[in-house]
Number of protein chains: 2
Amino acid sequence: MSQNLNGDRAHSAALKKSAKEADGRLARGDKTRAALLDAAFDEIYEHGFQSASLANILRAADCTKGSLYHHFPDKHALGLAAARANIGDHFQRMWFTPLATTEDPLTDIANCIQQYIDNGDERLFRLGCPLQNLSQEMSPIDEEFRLFLAETFANWRSALTSALSRGVDNGTVCQTANINQIAALVIASHQGNIGTLKATRDFSLAHDAMAALFSYLNTQRPAST
Amino acid sequence: MSQNLNGDRAHSAALKKSAKEADGRLARGDKTRAALLDAAFDEIYEHGFQSASLANILRAADCTKGSLYHHFPDKHALGLAAARANIGDHFQRMWFTPLATTEDPLTDIANCIQQYIDNGDERLFRLGCPLQNLSQEMSPIDEEFRLFLAETFANWRSALTSALSRGVDNGTVCQTANINQIAALVIASHQGNIGTLKATRDFSLAHDAMAALFSYLNTQRPAST
DNA sequence: TAAACTAGACCAACCGGTCGGTTTTAAAGA
DNA sequence: TCTTTAAAACCGACCGGTTGGTCTAGTTTA
(Lines give C-alpha, C1' and ligand atoms only; values in the text may rest on other atoms or scores of the structure.)
Protein backbone atom coordinates (compact mmCIF):
# COMPACT_ATOMS: atom_id res chain seq x y z
CA MET A 1 0.00 0.00 0.00
CA SER A 2 1.53 3.25 -1.05
CA GLN A 3 -1.38 5.54 -0.30
CA ASN A 4 -0.80 8.96 1.08
CA LEU A 5 -3.01 11.02 3.36
CA ASN A 6 -5.24 12.16 0.55
CA GLY A 7 -6.21 8.59 -0.14
CA ASP A 8 -5.29 8.61 -3.77
CA ARG A 9 -3.01 6.29 -5.63
CA ALA A 10 -1.07 8.35 -8.13
CA HIS A 11 -0.47 11.51 -6.22
CA SER A 12 3.27 11.38 -5.74
CA ALA A 13 3.69 11.22 -9.48
CA ALA A 14 1.10 13.92 -9.94
CA LEU A 15 2.95 16.15 -7.52
CA LYS A 16 6.17 15.64 -9.42
CA LYS A 17 4.47 16.64 -12.62
CA SER A 18 2.57 19.62 -11.37
CA ALA A 19 5.74 20.89 -9.76
CA LYS A 20 7.26 20.85 -13.22
CA GLU A 21 4.41 22.72 -14.85
CA ALA A 22 5.28 26.14 -13.52
CA ASP A 23 3.03 27.91 -16.03
CA GLY A 24 -0.10 26.89 -14.13
CA ARG A 25 -1.46 24.50 -16.74
CA LEU A 26 -2.14 21.10 -15.30
CA ALA A 27 -0.66 17.92 -16.64
CA ARG A 28 -3.14 15.53 -18.20
CA GLY A 29 -3.41 13.30 -15.15
CA ASP A 30 -3.83 16.22 -12.79
CA LYS A 31 -6.57 17.65 -14.94
CA THR A 32 -8.52 14.39 -14.78
CA ARG A 33 -7.94 14.22 -11.06
CA ALA A 34 -9.18 17.77 -10.54
CA ALA A 35 -12.22 17.17 -12.73
CA LEU A 36 -13.04 14.06 -10.71
CA LEU A 37 -12.74 15.93 -7.42
CA ASP A 38 -14.98 18.73 -8.64
CA ALA A 39 -17.59 16.40 -10.05
CA ALA A 40 -17.49 14.21 -6.95
CA PHE A 41 -17.98 17.19 -4.66
CA ASP A 42 -20.96 18.41 -6.68
CA GLU A 43 -22.57 15.02 -6.80
CA ILE A 44 -22.03 14.42 -3.09
CA TYR A 45 -23.29 17.90 -2.26
CA GLU A 46 -26.45 17.24 -4.24
CA HIS A 47 -27.20 13.67 -3.16
CA GLY A 48 -25.04 12.85 -0.15
CA PHE A 49 -22.12 10.46 -0.18
CA GLN A 50 -23.99 7.19 -0.02
CA SER A 51 -26.43 8.13 -2.74
CA ALA A 52 -23.80 9.75 -4.92
CA SER A 53 -23.51 7.77 -8.13
CA LEU A 54 -20.12 7.05 -9.65
CA ALA A 55 -21.79 6.96 -13.04
CA ASN A 56 -22.98 10.55 -12.57
CA ILE A 57 -19.56 11.67 -11.39
CA LEU A 58 -17.92 10.00 -14.36
CA ARG A 59 -20.33 11.68 -16.75
CA ALA A 60 -19.82 15.11 -15.18
CA ALA A 61 -16.05 14.73 -15.17
CA ASP A 62 -16.10 13.33 -18.73
CA CYS A 63 -14.00 10.43 -17.65
CA THR A 64 -14.22 6.65 -17.39
CA LYS A 65 -14.12 4.08 -14.65
CA GLY A 66 -10.57 3.10 -15.49
CA SER A 67 -9.35 6.65 -14.92
CA LEU A 68 -11.24 7.01 -11.68
CA TYR A 69 -9.86 3.81 -10.23
CA HIS A 70 -6.41 4.73 -11.39
CA HIS A 71 -6.50 7.92 -9.34
CA PHE A 72 -8.47 6.69 -6.32
CA PRO A 73 -8.68 3.29 -4.67
CA ASP A 74 -12.42 3.50 -4.08
CA LYS A 75 -15.47 5.73 -3.72
CA HIS A 76 -14.67 6.45 -0.11
CA ALA A 77 -11.23 7.88 -0.90
CA LEU A 78 -12.65 9.95 -3.72
CA GLY A 79 -15.33 11.39 -1.47
CA LEU A 80 -12.93 12.19 1.31
CA ALA A 81 -10.48 13.86 -1.05
CA ALA A 82 -13.29 15.89 -2.63
CA ALA A 83 -14.51 17.00 0.80
CA ARG A 84 -11.01 17.97 1.92
CA ALA A 85 -10.36 19.98 -1.21
CA ASN A 86 -13.61 21.93 -1.16
CA ILE A 87 -14.56 22.38 2.47
CA GLY A 88 -11.13 23.62 3.44
CA ASP A 89 -11.18 26.29 0.75
CA HIS A 90 -14.68 27.35 1.70
CA PHE A 91 -13.89 27.91 5.38
CA GLN A 92 -10.68 29.65 4.53
CA ARG A 93 -12.55 32.14 2.36
CA MET A 94 -15.65 32.65 4.49
CA TRP A 95 -14.21 32.58 8.01
CA PHE A 96 -10.49 32.12 8.47
CA THR A 97 -9.27 34.92 6.23
CA PRO A 98 -11.77 37.56 7.41
CA LEU A 99 -11.17 36.69 11.07
CA ALA A 100 -7.40 36.28 10.87
CA THR A 101 -6.64 39.95 11.26
CA THR A 102 -9.87 41.56 12.45
CA GLU A 103 -9.62 44.22 15.13
CA ASP A 104 -13.34 44.08 15.92
CA PRO A 105 -14.27 40.39 16.05
CA LEU A 106 -17.87 40.80 17.26
CA THR A 107 -18.64 42.98 14.25
CA ASP A 108 -16.79 40.81 11.78
CA ILE A 109 -18.26 37.57 13.05
CA ALA A 110 -21.68 39.11 12.56
CA ASN A 111 -20.61 40.13 9.05
CA CYS A 112 -19.54 36.59 8.22
CA ILE A 113 -22.92 35.27 9.24
CA GLN A 114 -24.81 38.02 7.46
CA GLN A 115 -22.82 37.16 4.35
CA TYR A 116 -24.30 33.65 4.29
CA ILE A 117 -27.90 34.70 4.74
CA ASP A 118 -27.87 37.78 2.53
CA ASN A 119 -25.45 36.76 -0.21
CA GLY A 120 -25.78 33.00 -0.20
CA ASP A 121 -26.29 31.33 -3.54
CA GLU A 122 -29.20 29.13 -4.51
CA ARG A 123 -27.34 25.94 -3.59
CA LEU A 124 -26.71 27.08 -0.04
CA PHE A 125 -30.40 27.52 0.65
CA ARG A 126 -31.48 24.41 -1.22
CA LEU A 127 -28.70 22.09 -0.08
CA GLY A 128 -27.35 23.71 3.07
CA CYS A 129 -23.80 23.60 4.34
CA PRO A 130 -21.63 20.77 2.97
CA LEU A 131 -19.86 20.44 6.31
CA GLN A 132 -23.16 19.95 8.05
CA ASN A 133 -24.55 17.58 5.43
CA LEU A 134 -21.52 15.36 5.61
CA SER A 135 -21.55 15.50 9.40
CA GLN A 136 -25.14 14.35 9.51
CA GLU A 137 -24.66 11.55 7.04
CA MET A 138 -21.15 10.29 7.57
CA SER A 139 -20.18 10.89 11.20
CA PRO A 140 -22.08 7.92 12.55
CA ILE A 141 -20.89 5.48 9.91
CA ASP A 142 -17.36 6.45 8.96
CA GLU A 143 -14.65 7.38 11.41
CA GLU A 144 -12.29 8.80 8.79
CA PHE A 145 -14.91 11.26 7.58
CA ARG A 146 -15.86 12.06 11.16
CA LEU A 147 -12.30 12.90 12.14
CA PHE A 148 -11.88 15.22 9.18
CA LEU A 149 -15.15 16.96 9.96
CA ALA A 150 -14.36 17.25 13.67
CA GLU A 151 -11.03 18.77 12.74
CA THR A 152 -12.79 21.34 10.56
CA PHE A 153 -15.12 22.22 13.42
CA ALA A 154 -12.12 22.55 15.73
CA ASN A 155 -10.34 24.86 13.29
CA TRP A 156 -13.46 26.95 12.95
CA ARG A 157 -13.77 27.20 16.68
CA SER A 158 -10.18 28.28 17.20
CA ALA A 159 -10.43 30.86 14.42
CA LEU A 160 -13.34 32.34 16.35
CA THR A 161 -11.74 32.19 19.78
CA SER A 162 -8.43 33.66 18.69
CA ALA A 163 -10.23 36.53 16.95
CA LEU A 164 -12.32 37.10 20.07
CA SER A 165 -9.27 36.90 22.26
CA ARG A 166 -7.68 39.63 20.17
CA GLY A 167 -10.85 41.64 20.72
CA VAL A 168 -10.57 41.24 24.48
CA ASP A 169 -7.01 42.50 24.27
CA ASN A 170 -7.83 45.56 22.21
CA GLY A 171 -10.97 46.43 24.13
CA THR A 172 -13.64 45.66 21.52
CA VAL A 173 -14.80 42.67 23.56
CA CYS A 174 -15.76 42.82 27.20
CA GLN A 175 -13.05 41.62 29.60
CA THR A 176 -15.42 39.24 31.37
CA ALA A 177 -16.75 37.66 28.19
CA ASN A 178 -16.45 33.89 27.95
CA ILE A 179 -14.99 33.57 24.47
CA ASN A 180 -15.41 29.80 24.31
CA GLN A 181 -19.11 30.19 24.94
CA ILE A 182 -19.43 32.91 22.33
CA ALA A 183 -17.66 30.80 19.72
CA ALA A 184 -19.76 27.75 20.57
CA LEU A 185 -23.02 29.65 20.20
CA VAL A 186 -21.90 31.21 16.92
CA ILE A 187 -21.13 27.80 15.46
CA ALA A 188 -24.25 26.08 16.76
CA SER A 189 -26.70 28.81 15.86
CA HIS A 190 -25.21 29.37 12.41
CA GLN A 191 -25.23 25.67 11.56
CA GLY A 192 -28.72 25.27 12.92
CA ASN A 193 -29.92 28.31 11.05
CA ILE A 194 -28.65 27.13 7.67
CA GLY A 195 -30.00 23.66 8.32
CA THR A 196 -33.43 24.82 9.39
CA LEU A 197 -33.72 27.14 6.41
CA LYS A 198 -33.44 24.17 4.10
CA ALA A 199 -36.69 22.64 5.28
CA THR A 200 -38.66 25.74 6.25
CA ARG A 201 -37.51 28.08 3.47
CA ASP A 202 -38.61 30.70 5.95
CA PHE A 203 -36.19 33.60 5.72
CA SER A 204 -37.97 35.52 8.44
CA LEU A 205 -37.12 32.70 10.86
CA ALA A 206 -33.49 32.82 9.74
CA HIS A 207 -33.37 36.58 10.10
CA ASP A 208 -34.91 36.38 13.56
CA ALA A 209 -32.34 33.86 14.72
CA MET A 210 -29.58 36.01 13.27
CA ALA A 211 -30.93 39.15 14.95
CA ALA A 212 -31.13 37.36 18.28
CA LEU A 213 -27.55 36.17 17.92
CA PHE A 214 -26.41 39.69 17.06
CA SER A 215 -28.13 41.11 20.08
CA TYR A 216 -26.36 38.47 22.18
CA LEU A 217 -23.03 39.36 20.57
CA ASN A 218 -23.64 43.03 21.39
CA THR A 219 -24.07 42.20 25.06
CA GLN A 220 -20.47 41.00 24.94
CA ARG A 221 -19.08 44.44 24.17
CA PRO A 222 -17.52 46.52 26.92
CA ALA A 223 -19.97 48.78 28.73
CA SER A 224 -19.64 52.22 27.11
CA THR A 225 -18.50 54.52 29.89
CA MET B 1 -56.92 5.79 -5.47
CA SER B 2 -58.25 5.32 -1.99
CA GLN B 3 -55.24 6.50 -0.04
CA ASN B 4 -55.63 8.59 3.03
CA LEU B 5 -53.31 11.22 4.43
CA ASN B 6 -51.07 8.68 6.07
CA GLY B 7 -50.18 7.24 2.71
CA ASP B 8 -51.20 3.70 3.50
CA ARG B 9 -53.54 1.41 1.72
CA ALA B 10 -55.34 -0.59 4.32
CA HIS B 11 -55.90 1.91 7.05
CA SER B 12 -59.63 2.39 6.96
CA ALA B 13 -60.13 -1.29 7.56
CA ALA B 14 -57.47 -1.27 10.22
CA LEU B 15 -59.19 1.60 11.97
CA LYS B 16 -62.46 -0.27 11.98
CA LYS B 17 -60.80 -3.25 13.59
CA SER B 18 -58.73 -1.45 16.15
CA ALA B 19 -61.78 0.49 17.22
CA LYS B 20 -63.36 -2.79 18.07
CA GLU B 21 -60.44 -4.03 20.13
CA ALA B 22 -61.14 -1.97 23.19
CA ASP B 23 -58.79 -4.03 25.35
CA GLY B 24 -55.77 -2.36 23.81
CA ARG B 25 -54.46 -5.37 21.94
CA LEU B 26 -53.92 -4.71 18.26
CA ALA B 27 -55.46 -6.72 15.52
CA ARG B 28 -53.07 -8.73 13.40
CA GLY B 29 -52.91 -6.20 10.59
CA ASP B 30 -52.34 -3.30 12.92
CA LYS B 31 -49.57 -5.16 14.68
CA THR B 32 -47.60 -5.69 11.47
CA ARG B 33 -48.27 -2.16 10.44
CA ALA B 34 -46.91 -0.85 13.72
CA ALA B 35 -43.91 -3.18 13.51
CA LEU B 36 -43.20 -1.91 10.01
CA LEU B 37 -43.40 1.71 11.12
CA ASP B 38 -41.08 1.07 14.05
CA ALA B 39 -38.57 -0.85 11.99
CA ALA B 40 -38.70 1.70 9.19
CA PHE B 41 -38.09 4.58 11.58
CA ASP B 42 -35.11 2.81 13.15
CA GLU B 43 -33.59 1.92 9.80
CA ILE B 44 -34.12 5.43 8.44
CA TYR B 45 -32.76 6.97 11.62
CA GLU B 46 -29.64 4.82 11.32
CA HIS B 47 -29.00 5.08 7.59
CA GLY B 48 -31.10 7.89 6.18
CA PHE B 49 -34.13 7.40 3.95
CA GLN B 50 -32.37 6.81 0.67
CA SER B 51 -29.92 4.31 2.10
CA ALA B 52 -32.54 2.58 4.21
CA SER B 53 -32.93 -0.96 2.98
CA LEU B 54 -36.36 -2.53 2.71
CA ALA B 55 -34.73 -5.90 3.30
CA ASN B 56 -33.41 -4.69 6.66
CA ILE B 57 -36.77 -3.22 7.60
CA LEU B 58 -38.52 -6.44 6.67
CA ARG B 59 -36.07 -8.47 8.74
CA ALA B 60 -36.46 -6.18 11.78
CA ALA B 61 -40.25 -6.17 11.52
CA ASP B 62 -40.27 -9.95 10.90
CA CYS B 63 -42.48 -9.48 7.92
CA THR B 64 -42.36 -10.01 4.17
CA LYS B 65 -42.47 -7.85 1.09
CA GLY B 66 -46.01 -8.82 0.34
CA SER B 67 -47.16 -7.55 3.72
CA LEU B 68 -45.24 -4.33 3.38
CA TYR B 69 -46.72 -3.57 0.00
CA HIS B 70 -50.12 -4.49 1.25
CA HIS B 71 -49.93 -1.78 3.92
CA PHE B 72 -47.98 0.86 2.01
CA PRO B 73 -47.86 1.73 -1.68
CA ASP B 74 -44.09 2.27 -1.73
CA LYS B 75 -40.98 3.03 0.28
CA HIS B 76 -41.72 6.74 0.21
CA ALA B 77 -45.12 6.35 1.88
CA LEU B 78 -43.65 4.01 4.48
CA GLY B 79 -40.90 6.47 5.32
CA LEU B 80 -43.25 9.40 5.55
CA ALA B 81 -45.68 7.50 7.77
CA ALA B 82 -42.83 6.35 10.01
CA ALA B 83 -41.55 9.90 10.32
CA ARG B 84 -44.99 11.27 11.13
CA ALA B 85 -45.63 8.66 13.77
CA ASN B 86 -42.32 9.08 15.58
CA ILE B 87 -41.34 12.71 15.20
CA GLY B 88 -44.74 14.00 16.25
CA ASP B 89 -44.66 11.95 19.45
CA HIS B 90 -41.15 13.04 20.21
CA PHE B 91 -41.88 16.75 19.98
CA GLN B 92 -45.05 16.37 21.93
CA ARG B 93 -43.17 14.77 24.79
CA MET B 94 -40.02 16.88 24.75
CA TRP B 95 -41.42 20.33 23.96
CA PHE B 96 -45.13 20.76 23.47
CA THR B 97 -46.32 19.21 26.72
CA PRO B 98 -43.74 20.91 28.99
CA LEU B 99 -44.31 24.27 27.34
CA ALA B 100 -48.07 24.09 27.05
CA THR B 101 -48.78 25.30 30.58
CA THR B 102 -45.49 26.75 31.83
CA GLU B 103 -45.62 29.94 33.84
CA ASP B 104 -41.88 30.60 33.45
CA PRO B 105 -41.03 29.91 29.81
CA LEU B 106 -37.40 31.08 29.88
CA THR B 107 -36.63 28.62 32.65
CA ASP B 108 -38.58 25.77 31.11
CA ILE B 109 -37.15 26.26 27.64
CA ALA B 110 -33.70 26.03 29.18
CA ASN B 111 -34.81 22.87 30.96
CA CYS B 112 -35.99 21.31 27.70
CA ILE B 113 -32.61 21.93 26.13
CA GLN B 114 -30.70 20.74 29.17
CA GLN B 115 -32.77 17.56 29.06
CA TYR B 116 -31.37 16.73 25.61
CA ILE B 117 -27.73 17.31 26.48
CA ASP B 118 -27.74 15.81 29.96
CA ASN B 119 -30.22 12.98 29.61
CA GLY B 120 -29.99 12.18 25.92
CA ASP B 121 -29.54 8.54 24.99
CA GLU B 122 -26.68 7.06 23.00
CA ARG B 123 -28.60 7.30 19.72
CA LEU B 124 -29.18 11.02 20.09
CA PHE B 125 -25.47 11.71 20.30
CA ARG B 126 -24.47 9.19 17.65
CA LEU B 127 -27.27 9.86 15.17
CA GLY B 128 -28.52 13.32 16.08
CA CYS B 129 -32.05 14.62 15.77
CA PRO B 130 -34.31 12.72 13.35
CA LEU B 131 -36.04 15.94 12.34
CA GLN B 132 -32.72 17.46 11.41
CA ASN B 133 -31.42 14.36 9.64
CA LEU B 134 -34.50 14.12 7.50
CA SER B 135 -34.42 17.84 6.82
CA GLN B 136 -30.88 17.63 5.57
CA GLU B 137 -31.46 14.64 3.40
CA MET B 138 -35.00 14.95 2.13
CA SER B 139 -35.88 18.64 1.96
CA PRO B 140 -34.04 19.26 -1.30
CA ILE B 141 -35.35 16.18 -3.08
CA ASP B 142 -38.88 15.55 -1.84
CA GLU B 143 -41.52 18.18 -1.39
CA GLU B 144 -43.87 15.99 0.61
CA PHE B 145 -41.20 15.28 3.22
CA ARG B 146 -40.18 18.93 3.19
CA LEU B 147 -43.69 20.13 3.89
CA PHE B 148 -44.11 17.76 6.80
CA LEU B 149 -40.76 18.83 8.25
CA ALA B 150 -41.49 22.53 7.75
CA GLU B 151 -44.80 22.02 9.50
CA THR B 152 -43.03 20.41 12.45
CA PHE B 153 -40.64 23.35 12.65
CA ALA B 154 -43.58 25.72 12.53
CA ASN B 155 -45.35 23.90 15.34
CA TRP B 156 -42.19 23.95 17.41
CA ARG B 157 -41.82 27.64 16.82
CA SER B 158 -45.36 28.46 17.83
CA ALA B 159 -45.11 26.31 20.94
CA LEU B 160 -42.13 28.45 21.91
CA THR B 161 -43.67 31.80 21.03
CA SER B 162 -46.96 31.11 22.76
CA ALA B 163 -45.15 30.02 25.91
CA LEU B 164 -42.99 33.14 25.74
CA SER B 165 -46.01 35.30 25.14
CA ARG B 166 -47.56 33.89 28.28
CA GLY B 167 -44.34 34.81 30.06
CA VAL B 168 -44.59 38.38 28.85
CA ASP B 169 -48.12 38.54 30.21
CA ASN B 170 -47.26 37.18 33.64
CA GLY B 171 -44.07 39.17 33.99
CA THR B 172 -41.46 36.40 33.76
CA VAL B 173 -40.32 37.70 30.37
CA CYS B 174 -39.27 41.27 29.70
CA GLN B 175 -42.00 43.43 28.06
CA THR B 176 -39.65 44.56 25.29
CA ALA B 177 -38.42 41.06 24.43
CA ASN B 178 -38.80 40.03 20.81
CA ILE B 179 -40.33 36.60 21.30
CA ASN B 180 -39.99 35.62 17.65
CA GLN B 181 -36.27 36.22 17.81
CA ILE B 182 -35.92 34.26 21.02
CA ALA B 183 -37.80 31.30 19.58
CA ALA B 184 -35.75 31.41 16.38
CA LEU B 185 -32.45 31.38 18.25
CA VAL B 186 -33.58 28.57 20.52
CA ILE B 187 -34.46 26.42 17.52
CA ALA B 188 -31.35 27.23 15.50
CA SER B 189 -28.86 26.89 18.31
CA HIS B 190 -30.39 23.69 19.63
CA GLN B 191 -30.47 22.07 16.21
CA GLY B 192 -26.96 23.22 15.46
CA ASN B 193 -25.75 22.02 18.81
CA ILE B 194 -27.09 18.49 18.42
CA GLY B 195 -25.81 18.33 14.86
CA THR B 196 -22.34 19.56 15.71
CA LEU B 197 -22.06 17.15 18.60
CA LYS B 198 -22.44 14.25 16.20
CA ALA B 199 -19.20 14.97 14.40
CA THR B 200 -17.16 16.56 17.17
CA ARG B 201 -18.32 14.38 20.10
CA ASP B 202 -17.13 17.36 22.11
CA PHE B 203 -19.48 17.84 25.01
CA SER B 204 -17.59 20.86 26.27
CA LEU B 205 -18.47 22.62 23.00
CA ALA B 206 -22.10 21.63 23.43
CA HIS B 207 -22.15 22.81 27.04
CA ASP B 208 -20.55 26.10 26.05
CA ALA B 209 -23.15 26.75 23.39
CA MET B 210 -25.87 25.87 25.84
CA ALA B 211 -24.42 28.15 28.51
CA ALA B 212 -24.22 31.02 26.03
CA LEU B 213 -27.82 30.48 25.02
CA PHE B 214 -28.90 30.43 28.67
CA SER B 215 -27.08 33.66 29.34
CA TYR B 216 -28.87 35.16 26.35
CA LEU B 217 -32.20 33.87 27.64
CA ASN B 218 -31.51 35.46 31.03
CA THR B 219 -31.03 38.84 29.40
CA GLN B 220 -34.67 38.55 28.33
CA ARG B 221 -35.98 38.59 31.89
CA PRO B 222 -37.47 41.76 33.32
CA ALA B 223 -34.94 43.98 35.07
CA SER B 224 -35.23 43.22 38.80
CA THR B 225 -36.22 46.47 40.47
C1' DT C 1 10.74 1.22 -23.25
C1' DA C 2 8.78 1.85 -18.75
C1' DA C 3 5.39 4.23 -16.35
C1' DA C 4 1.38 6.89 -16.26
C1' DC C 5 -2.95 7.14 -17.92
C1' DT C 6 -7.37 6.08 -20.35
C1' DA C 7 -10.83 3.00 -22.03
C1' DG C 8 -15.06 0.35 -21.33
C1' DA C 9 -16.85 -4.49 -21.12
C1' DC C 10 -17.98 -7.14 -17.42
C1' DC C 11 -19.35 -8.84 -12.65
C1' DA C 12 -21.85 -10.17 -8.41
C1' DA C 13 -24.66 -7.97 -5.06
C1' DC C 14 -28.29 -5.39 -3.99
C1' DC C 15 -32.07 -2.19 -4.97
C1' DG C 16 -37.29 -1.11 -4.88
C1' DG C 17 -41.20 -3.06 -6.70
C1' DT C 18 -44.56 -6.74 -8.80
C1' DC C 19 -47.57 -10.56 -8.76
C1' DG C 20 -49.94 -14.97 -8.43
C1' DG C 21 -51.09 -17.67 -4.77
C1' DT C 22 -52.13 -19.11 0.25
C1' DT C 23 -53.74 -18.38 4.91
C1' DT C 24 -56.41 -15.93 8.38
C1' DT C 25 -60.28 -13.51 9.84
C1' DA C 26 -64.85 -12.10 10.86
C1' DA C 27 -69.37 -11.58 9.48
C1' DA C 28 -73.48 -13.80 7.29
C1' DG C 29 -76.56 -17.69 6.59
C1' DA C 30 -78.64 -21.99 7.98
C1' DT D 1 -73.29 -23.76 16.69
C1' DC D 2 -71.54 -24.96 12.42
C1' DT D 3 -70.69 -23.71 7.56
C1' DT D 4 -69.97 -20.64 3.95
C1' DT D 5 -67.80 -16.79 1.82
C1' DA D 6 -65.36 -12.78 0.61
C1' DA D 7 -62.17 -9.69 1.97
C1' DA D 8 -58.01 -8.71 4.45
C1' DA D 9 -53.52 -10.13 5.42
C1' DC D 10 -49.56 -12.41 4.24
C1' DC D 11 -46.04 -14.92 1.52
C1' DG D 12 -41.77 -15.12 -1.24
C1' DA D 13 -40.05 -16.05 -5.92
C1' DC D 14 -39.10 -13.12 -9.39
C1' DC D 15 -38.06 -8.78 -12.24
C1' DG D 16 -35.37 -5.08 -14.51
C1' DG D 17 -32.22 -1.75 -13.25
C1' DT D 18 -28.34 0.16 -10.73
C1' DT D 19 -24.61 -0.15 -7.64
C1' DG D 20 -19.46 -0.01 -6.61
C1' DG D 21 -15.69 -2.37 -8.19
C1' DT D 22 -12.44 -5.42 -11.37
C1' DC D 23 -9.81 -6.50 -15.26
C1' DT D 24 -7.50 -6.58 -19.59
C1' DA D 25 -6.14 -4.03 -23.38
C1' DG D 26 -4.65 0.04 -25.57
C1' DT D 27 -2.72 4.95 -25.69
C1' DT D 28 0.13 8.79 -24.26
C1' DT D 29 4.08 10.74 -22.15
C1' DA D 30 8.82 11.33 -20.51
Side-chain angles (χ1 to χ4, degrees), chain A residues 2 7-21 25-37 39-40 43-44 47-59 61-80 82 141-142, chain B residues 2-3 7-22 25-37 39-40 43-44 47-59 61-80 82 141-142:
Chain A
S2 66
D8 56 358
R9 275 173 170 160
H11 204 204
S12 60
L15 270 180
K16 217 188 304 170
K17 260 193 193 169
S18 53
K20 277 193 182 178
E21 307 254 344
R25 284 185 305 112
L26 293 172
R28 188 170 66 124
D30 283 7
K31 224 185 284 185
T32 315
R33 204 187 121 86
L36 281 169
L37 287 177
E43 172 76 5
I44 292 170
H47 302 105
F49 174 79
Q50 297 176 91
S51 299
S53 155
L54 291 186
N56 287 348
I57 295 173
L58 261 18
R59 203 178 306 124
D62 194 23
C63 158
T64 62
K65 276 250 170 95
S67 284
L68 195 166
Y69 279 91
H70 169 75
H71 287 280
F72 301 94
D74 54 20
K75 185 190 183 188
H76 179 264
L78 171 66
L80 203 49
I141 60 175
D142 187 286
Chain B
S2 66
Q3 282 176 229
D8 57 356
R9 276 174 168 157
H11 205 201
S12 61
L15 270 179
K16 215 188 305 170
K17 261 193 194 170
S18 55
K20 279 192 178 177
E21 307 253 345
R25 284 183 307 110
L26 293 172
R28 188 168 69 125
D30 282 8
K31 223 185 286 186
T32 28
R33 200 187 125 86
L36 281 169
L37 288 178
E43 172 77 4
I44 293 170
H47 301 105
F49 175 79
Q50 296 176 92
S51 299
S53 154
L54 292 186
N56 286 349
I57 294 172
L58 260 20
R59 203 176 309 125
D62 193 23
C63 155
T64 62
K65 264 218 179 135
S67 275
L68 195 165
Y69 280 90
H70 169 75
H71 287 281
F72 301 94
D74 53 21
K75 185 189 182 186
H76 179 264
L78 171 65
L80 203 50
I141 60 175
D142 187 287

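Worth knowing before you read on, the calculation uses all heavy atoms, side chains too, and leaves out hydrogens, waters and symmetry mates. If you're wondering where the values come from, they're calculated on a predicted model, not measured in any experiment. Chain A is the first sequence line, chain B the second, and so forth, proteins listed ahead of strands; every chain is numbered from 1.
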When rounded to whole Å, the CG to P distance for the pair B/L54 and C/dG17 reads 6 Å
Walking DNA chain D from its 5' end, the first of A/F49 and A/G66 to be reached, judged by nearest nucleotide, is A/F49
Please examine the side chains of B/F72 and B/L80, heavy atoms only from C-beta on, and report whether any two atoms are closer than 4.5 Å. no
Contacts of B/C63 and A/H76 projected onto DNA chain D by closest heavy atom; the upstream (5') one is B/C63
Practice prompt. May I ask you to verify if any side-chain N or O of A/H70 is less than 4.0 angstrom from the OP1 or OP2 atom of C/dT6?
Written response: no
Quick one: is D/dA9 close enough that its OP1 or OP2 comes under 4.0 Å of any side-chain N or O from B/T32?
no
Atom CG of B/L36 and atom C1' of D/dA9 are separated, to the nearest Å, by 12 Å
Just so I know, are the side chains of B/N56 and B/R59 near enough to count as touching, which here means a heavy-atom distance under 4.5 Å? yes
Out of C/dC15, C/dC5, D/dT19, minimum distance to the side chain of B/A55 belongs to C/dC15
Considering only heavy side-chain atoms of B/K65, the closest of C/dT18, D/dC10, C/dG8 is C/dT18
A/I44 CD1 to D/dG20 P, in whole Å, measures 11 Å
Rounded to whole Å, the CZ-C1' distance (B/R59 to D/dC11) equals 17 Å
*Does A/K65 use its side chain to pair, donor to acceptor, with the backbone of A/L54 at less than 3.5 Å?*
no
From CG of B/L58 across to P of D/dA13 the rounded distance in Å is 13 Å
| said: For D/dC11 and B/S67 - does any side-chain N or O of the residue sit under 4.0 Å from the phosphate oxygens OP1/OP2? | reply: yes
Atom OH of A/Y69 and atom P of D/dT19 are separated, to the nearest Å, by 12 Å
With the side chain defined as heavy atoms from C-beta on, A/T64 is closest, among C/dA7, D/dG21, C/dG17, to C/dA7
Rounded to whole Å, CD of A/E43 lies from P of D/dG20 at a distance of 9 Å
Testing C/dT6, C/dG16, D/dC10 for proximity to the side chain of B/H71, the answer is D/dC10
Picking from D/dG21, C/dA7, C/dG17, the nucleotide nearest the side-chain atoms of A/K75 would be D/dG21
Report task. Ignoring hydrogens and angles, tell me if any N or O in the side chain of B/E43 forms a donor-acceptor pair with the backbone of B/S53 under 3.5 Å. Result -> yes
Separation of C/dC5 atom C1' from A/F72 atom CZ, nearest Å, is 14 Å
### Query
When you check the phosphate oxygens OP1 and OP2 of D/dT18, does a side-chain N or O of A/S53 lie under 4.0 Å from one of them?
no
Heavy atoms of B/I57 and B/A39 approach each other most closely as O-CB, 3.6 Å
